[in-house]
Amino acid sequence: MILIDNENTPRRKMERTYEQLSPFELKNKLISLANKRGDTSIWAMLNAGRGNPNWTVATPREAFFTLGQFAIEETRKAWQDTDLAGMPQIEGIATRLEAYLKKHPDSPGVTLLKNALDYGPKQLGFNPDAWIHELVDGIIGDNYPVPDRMLVHLEQVVHNYLIQEMCNNVSPPVNYDLFAVEGGTAAMCYSFDSLIANNLLSVGDKIALMVPTFTPYLEIPHLSRYQFDVVRINALEMDEQGNHTWQYPNSEIDKLKDSDIKALFVVNPSNPPSIAIKDESKKHLVEVIKEDNPKLMIITDDVYGTFVDNFRSLMAELPFNTLGVYSFSKYFGATGWRLGVIAIQQNNVFDQLLKELPREKIEALAERYGTITLHPEQLRFIDRMVADSRQVALNHTAGLSTPQQVQMGFFALFALLDHENHYKKLTQEICHHRQKLLYDGFGLKLRNDAFDAAYYCQIDLLVWAKVKYGDEFCDYLQTNYEPTDILFRLAEESSIVLLNGGGFGGPDWSIRTSLANLDDAAYKEIGETVQKTFDEYATSWREQQAPQK
């Protein structure tokens, strides 16, 4: 069977056209092709393209809904007139919750609620009534978020969670301030916008991206509003067998010695390889920044950090320089909740750079923020982000909805109280088991890597094909096919949807597979199907090499 496509066939033209799209837009085309195969049931299609996990965490959700029932009772105690109720009252509310939990010992999530009741006063010194009232009033959602950046008790709870998960339980010299936002997506948008609005970055400035990376970090810098000069820090390291480790050699990190580079954007662990930056590379990165580029602004997106043991974010290693972005979506199976935080240490480079702006820019910014404070020059960067998120003029209505903040708090409390890390081990085991099945399907040996989150898998098909078929086959493949050909073929012929690694700044012939969103058995099937498809490419190649009779 000869599969070769001429340069001008409809397939080649379609592949070249769609190759320009973001992988997440290309995914929609692949899904439509996969669904044309006959059985249009979504369950008959293996969509490993998107990273939405197929698990959810039940216990903190149970606590949320049980607290909601208590909260409704509290509103009816304050005022009841048919369907109308009042607002929860603070005095004695902790004692009333304790009594409610004793009365309903079998309600879902009661144990977590009891522990939450104790955690605030015992671990953080909260006034019990103030702590429980914040949760109850928050879950009812009858007040604007005050403070708008984040509710005061929940900020401290989530702060402790970040110290545990992003800093490996080692606190920085100074606390972080948190801004609760609508997931990692909002955090990205707010960060880019406020950096521009406050003249910390300007159109055409030089920034650095550590690649491969989440596609929006590649796309946003080229929008007309930014037009940044992008320097790529490439994960070029290979092991002794010629396989990608997805780590950054020192020669790439050394690019950051260029003090014209004003900002560094990092996804750690990376997306799609989902490999955390190894300790030696972080140490070298810290040295380069402290010695050669001490005013570098770092924005690190660490959503997959919980899938790596003993993870330490750059917000822990370089707290002065780093704005941390964290989303609760993947670890807790909560993409629909849109829960995230921005974390900035109270002593930080962003505030320092604001003070060092030229006078005319300081005066212009004073006019921008003059309607929300009498001393705009003293407004910190994180509070400017809050105002910018609502176009400044609507700053008084800024903030993440209070029910969302309460659910975020229960997720954080659940992890903080899981002293044996039962949930963490479970989610990690799920991902690593699926990764092993995928590699078995490919016929590949899985490399033991302590920095591998195994949330995604990025396999360079050219590296694999070189080992399996040799250099001549790889030359044939690149000459006769587009890198996306395998993706279209898998979608059309096998109803398998994967994403192109090239769209994430990785090797063109790499593919990205989410290990989080399909049943275990699907991953071996994906590996076997890709291998079978490559065997068909190889058969075509051999037939072309055979002497003509």
Side-chain angles (χ1 to χ4, degrees), residues 149 159 162-163 166-167 170-179 181 187-188 190-210 217 220-221 226 228-231 233 253-268 277 282-302 312-326 341-359 361-362 365-366 368-369 376-388:
R149 184 162 55 75
H159 185 279
L162 294 179
I163 297 301
M166 299 293 104
C167 305
V170 180
S171 299
V174 182
N175 282 346
Y176 300 100
D177 283 323
L178 306 185
F179 175 20
V181 296
M188 289 171 58
Y190 296 160
S191 299
F192 275 101
D193 282 351
S194 286
L195 288 169
I196 283 284
N198 285 278
N199 299 297
L200 298 184
L201 286 177
S202 301
V203 173
D205 274 350
K206 187 181 286 190
I207 68 166
L209 296 176
M210 299 186 87
Y217 286 106
I220 290 174
Y226 307 110
F228 295 137
D229 178 9
V230 178
V231 176
I233 313 298
I253 293 173
D254 284 343
K255 292 177 181 178
L256 296 171
K257 291 181 179 180
D258 180 0
S259 58
D260 288 337
I261 297 176
K262 293 186 176 182
L264 169 67
F265 292 83
V266 187
V267 177
N268 181 34
I277 302 172
K282 282 194 293 186
K283 182 179 179 181
H284 186 67
L285 179 64
V286 169
E287 291 172 353
V288 166
I289 291 171
K290 288 188 173 180
E291 294 176 10
D292 299 285
N293 203 348
K295 294 182 181 180
L296 182 71
M297 296 177 287
I298 301 173
I299 293 82
T300 182
D301 183 340
D302 300 328
R312 272 182 65 81
S313 163
L314 292 180
M315 66 182 272
E317 305 287 0
L318 286 161
F320 175 75
N321 296 83
T322 305
L323 179 155
V325 171
Y326 180 75
V341 287
I342 294 171
I344 306 180
Q345 188 187 232
Q346 291 171 354
N347 176 31
N348 64 79
V349 70
F350 305 92
D351 289 339
Q352 178 179 319
L353 291 172
L354 284 173
K355 294 174 183 177
E356 295 176 0
L357 288 173
R359 176 171 294 277
K361 291 185 176 180
I362 291 176
L365 288 171
R368 175 181 177 85
Y369 298 108
E377 73 284 351
Q378 297 176 15
L379 195 65
R380 298 174 308 155
F381 180 66
I382 194 166
D383 294 314
R384 295 175 188 226
M385 294 182 77
V386 177
D388 294 336

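Owing to the predicted nature of the structure, the values given are computational and were not obtained by experimental measurement. Only heavy atoms go into these numbers, but all of them, side chains included; no hydrogens, no water, no symmetry mates.
Contact of the I289 side chain with the I298 side chain is registered, since non-hydrogen atoms from C-beta on lie closer than 4.5 Å. H159 is not listed as a side-chain neighbour of L162, based on a closest heavy-atom distance of 4.5 Å or more. Side chains of N293 and V288 form no contact here, defined as non-hydrogen atoms less than 4.5 Å apart. For the pair D254 and H284, the minimum side-chain heavy-atom distance is below 4.5 Å. The shortest distance between side-chain heavy atoms of D193 and Y226 falls below 4.5 Å. Side-chain contact between P319 and V174 is absent, with no heavy-atom pair separated by less than 4.5 Å. Residues M315 and P172 fail the side-chain proximity criterion, which asks for heavy atoms closer than 4.5 Å. In this structure, I299 and L195 have side chains that are in contact, with non-hydrogen atoms separated by less than 4.5 Å.
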**OP:** Verify side-chain contact (heavy atoms from CB on, under 4.5 Å) between L365 and R384, making sure each step is shown before the conclusion.
**Re:** CA-CA 10 Å; L365 288 171; R384 295 175 188 226; 3.7 Å; yes
Subject >> side-chain contact (heavy atoms from CB on, under 4.5 Å) assessment of F350 paired with N198 >> reply: CA-CA 10 Å; F350 305 92; N198 285 278; over 6 Å; no
**OP:** Go through the steps for V266 and L314 under the test side-chain contact (heavy atoms from CB on, under 4.5 Å), then give the verdict.
**Re:** CA-CA 9 Å; V266 187; L314 292 180; 4.0 Å; yes
**OP:** Go through the steps to decide whether M210 and I277 satisfy the test side-chain contact (heavy atoms from CB on, under 4.5 Å), and finish with yes or no.
**Re:** CA-CA 10 Å; M210 299 186 87; I277 302 172; 4.2 Å; yes
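The heavy-atom pair separating F228 from S202 by the smallest distance is CE2-O, 3.5 Å. When all heavy atoms of L296 and A263 are compared, the pair lying nearest together is CD1-N, 3.6 Å. In this structure, D383 and R149 approach most closely via the heavy-atom pair OD1-NE, 3.4 Å. Shortest non-hydrogen contact noted between P294 and F320 is O-CE2, 4.3 Å. The two atoms that bring M188 and I220 nearest to each other are CE-CD1, 4.0 Å, heavy atoms only. When all heavy atoms of L354 and L379 are compared, the pair lying nearest together is CD1-O, 4.3 Å.
The closest side-chain donor-acceptor pair between N348 and Y176, if any, does not fall under 3.5 angstrom.
Atoms CD1 and CG, from I253 and L264 in turn, are 9.5 Å apart once rounded to the nearest 0.5 Å. For the atom pair K282 NZ and E287 CD, the distance stands at 13.5 Å (nearest 0.5 Å). Of the inter-residue distances, the one linking L256 atom CG with L285 atom CG reads 6.0 Å to the nearest 0.5 angstrom. Taking CD1 from I261 and CG from D205, the interatomic distance works out to 11.5 Å, rounded to the nearest 0.5 Å. Atoms CG and CG, on L353 and N199 in that order, are 11.5 Å from each other to the nearest 0.5 Å. A distance of 11.0 Å separates NZ in K262 from NZ in K295, rounded to the nearest 0.5 Å.
Partners of D177 by side-chain hydrogen bond (donor to acceptor under 3.5 Å, both in side chains), not counting sequence neighbours, listed by chain and number: Q346, R380.
A ring-ring contact (aromatic ring centres under 6.0 Å, His included) with F179 is found for one member of Y190, Y326, F381 and no other, namely Y190.
Between F192 and Y217, the ring-plane angle classifies as tilted under the 30° and 60° cut-offs.
Without hydrogens or angle criteria, K206 side chain to D258 main chain gives no donor-acceptor distance under 3.5 Å.
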